[in-house]
Amino acid sequence: MVSQKEDKTSSVQQLIANSRNQKTKKIVEKAMPALLFSAAIISILTTFGIVFTLIFETFEFFKRVSITDFLFGTKWLPFSGNEPLFGILPLIAGTLKVTLIAVVVAVPFGIASAIYLSEYASEKTRRTVKPILEVLAGVPTIVYGFFALTFVTPVLQEIVPGLKLFNALSPGIVVGIMILPMITSLSEDAMSSVPNSMREGALALGATKFEVAIKVVLPAALSGIVASVVLAISRAIGETMIVSLAGGSTPKFDLNVTDSIQTMTAYIVQVSTGDAGYGTTIYYSIYSVGFTLFIFTLVMNLLAHYISKRFREVY
């Protein structure tokens with residue numbers, strides 16, 4: 001009798017505990033969608049806030065400076081006391097010079113590394129090499145900047161005659177090294193997702209391993225590879241510390257990579273460190289440059305998204 005009462009008591013306690021657990025689960029199930037929705041809304045509102053601030057302050061700048069002079073002017077002399085000039089083309093030229101050099105460095109080595117890791121490396125080698133490559137992505141960019149200024153530039157000065165201390169070549173090479181892990185990692189992921197049946201079919205038809213990699217795997221993973229390159233270019237366009245330390249602060253609208261330059265991000269850093277007072281034209285110019293930079297990166301990200309959808313392989 002006593003044992004039966006104890007069994008009944010324990011079963012009742014279990015029912016009560018289960019009921020409480022069910023109520024807790026229902027509360028959690030009802031609360032989680034609201035919490036997740038709030039997190040999504042906060043992200044969206046933050047993005048809109050940033051864009052609104054850029055647009056509002058940029059309009060304030062264009063009340064003082066002609067938009068035509070800004071877009072098509074070939075001289076950027078905001079600190080000129082007599083007649084400041086705000087032509088954005090020299091800053092765009094400096095940014096594109098560094099970006100193009102970085103792409104020339106990063107794309108061939110990045111894709112070659114991805115092909116090796118995906119098609120040739122053993123599992124043990126892949127587990128060792130890939131994390132080492134990805135460590136480069138975690139190095140602070142200011143370290144890359146000092147590396148470019150104190151090591152890469154002196155080495156290049158021994159090779160390239162007339163190379164100045166501040167130039168576009170050195171930061172371009174180091175930015176390429178910085179974005180190399182992004183291209184390698186994303187491209188290797190895209191190649192690894194190609195089904196082995198495609199490789200085996202090509203090998204069965206007499207193709208060599210290199211031919212399989214170049215003529216089968218690479219085209220099949222093209223959307224992911226191109227998207228990784230576009231995202232890496234976007235990252236290079238927005239790089240700040242490397243070009244600020246090693247590129248200089250002389251905006252020039254030319255194709256010379258051996259002389260001092262200034263990029264859009266480097267100018268923002270220069271003004272943000274206290275060279276301009278609040279409410280001045282120079283102060284508002286950092287928003288106009290920032291908005292231009294935002295347009296560049298937005299276009300690159302939209303392009304990457306379009307390429308990824310347009311050329312995606314369906315297996």
Side-chain angles (χ1 to χ4, degrees), residues 95-96 98-145 147-148 151-152 155 169-196 198-199 202 208-243 246 296-297 300-313 315:
T95 302
L96 292 181
V98 171
T99 302
L100 288 174
I101 295 169
V103 169
V104 170
V105 171
V107 171
F109 287 102
I111 295 178
S113 301
I115 292 173
Y116 169 74
L117 290 173
S118 174
E119 305 303 313
Y120 291 94
S122 64
E123 188 63 30
K124 182 179 179 181
T125 304
R126 189 181 298 112
R127 286 199 305 265
T128 304
V129 174
K130 194 172 179 181
I132 293 174
L133 278 174
E134 291 175 349
V135 165
L136 291 172
V139 176
T141 56
I142 193 167
V143 176
Y144 279 118
F147 173 69
F151 179 78
V152 177
V155 171
L169 189 59
S170 175
I173 292 172
V174 176
V175 170
I177 295 172
M178 183 194 68
I179 65 175
L180 179 65
M182 178 184 292
I183 296 176
T184 300
S185 181
L186 295 177
S187 298
E188 193 271 335
D189 290 341
M191 292 179 188
S192 296
S193 66
V194 176
N196 282 329
M198 296 180 65
R199 295 179 176 86
T208 64
K209 201 165 187 177
F210 181 73
E211 288 174 333
V212 171
I214 298 299
K215 297 182 180 180
V216 177
V217 177
L218 204 63
L222 183 63
S223 64
I225 294 171
V226 174
S228 72
V229 172
V230 174
L231 289 174
I233 293 172
S234 178
R235 175 71 181 85
I237 290 174
E239 172 50 35
T240 304
M241 292 311 301
I242 298 174
V243 293
F296 268 85
T297 54
M300 297 306 295
N301 281 280
L302 291 176
L303 182 61
H305 181 70
Y306 168 78
I307 291 171
S308 181
K309 287 184 64 177
R310 175 67 178 81
F311 298 101
R312 182 177 295 153
E313 294 283 346
Y315 305 119

* Any sub-3.5 Å donor-acceptor pair from Ser170's side-chain atoms to Ala148's backbone N or O? -> yes
* Structure fact -> Rounded to the nearest 0.5 Å, the OG1 atom of Thr99 sits from the CD1 atom of Ile237 at a distance of 5.0 Å
* Work out which heavy atom in Glu239 is nearest to a heavy atom in Met241; give both atom names and the distance. => OE2-N, 3.0 Å
* **Approximate separation, where rounding is to 0.5 Å, of Met191 CE and Ile111 CD1** => 6.5 Å
* Asked: Is the number of heavy atoms from other residues, nucleotides or ligands under 6.0 Å of Phe151 CZ greater than 12?
  -> no
* **Straight-line distance of Ile177 CD1 to Ile242 CD1, nearest 0.5 Å** => 9.0 Å
* How long is the span from the CD1 atom in Ile233 to the CD1 atom in Ile183, to the nearest 0.5 Å? -> 7.5 Å
* Structure fact -> Smallest heavy-atom separation, Ser228 atom then Ser187 atom, equals OG-OG, 3.1 Å
* Asked: Shortest non-hydrogen contact from Gly224 to Ala190?
  -> CA-CB, 3.9 Å
* Give the minimum heavy-atom separation between Val174 and Tyr144, together with the two atoms involved. => CG1-O, 3.6 Å
* Trace of the side-chain contact (heavy atoms from CB on, under 4.5 Å) decision for Ile115 with Ile214 -> CA-CA 9 Å; Ile115 292 173; Ile214 298 299; 4.1 Å; yes
* Lys209 side chain to Glu119 main-chain N or O, any donor-acceptor pair under 3.5 Å? -> yes
* To do: Check Val194 against Ala220 and note the closest heavy-atom contact, atom names and distance.
  => CG2-CB, 3.9 Å
* Asked: Are Val226 and Val230 close enough that some pair of their side-chain heavy atoms sits under 4.5 Å apart?
  -> yes
* To do: Determine whether the side chains of Thr125 and Thr128 contain a donor N or O and an acceptor N or O closer than 3.5 Å.
  => no
* Do Phe109 and Val104 pass the side-chain contact (heavy atoms from CB on, under 4.5 Å) test, and can you show the C-alpha distance, the side-chain angles, and the key distance before you say yes or no? -> CA-CA 9 Å; Phe109 287 102; Val104 170; over 6 Å; no
* **Straight-line distance of Leu117 CG to Arg126 CZ, nearest 0.5 Å** => 7.0 Å
* To do: Start with the C-alpha gap between Glu211 and Thr208, add the side-chain angles, then the distance that decides, and say whether side-chain contact (heavy atoms from CB on, under 4.5 Å) holds.
  => CA-CA 5 Å; Glu211 288 174 333; Thr208 64; 3.2 Å; yes
* Minimal non-hydrogen separation, Pro219 against Lys215, with atom names -> CG-O, 3.4 Å
* To do: With rounding to the nearest 0.5 Å, note down the distance linking CE in Met182 to OG in Ser234.
  => 8.0 Å
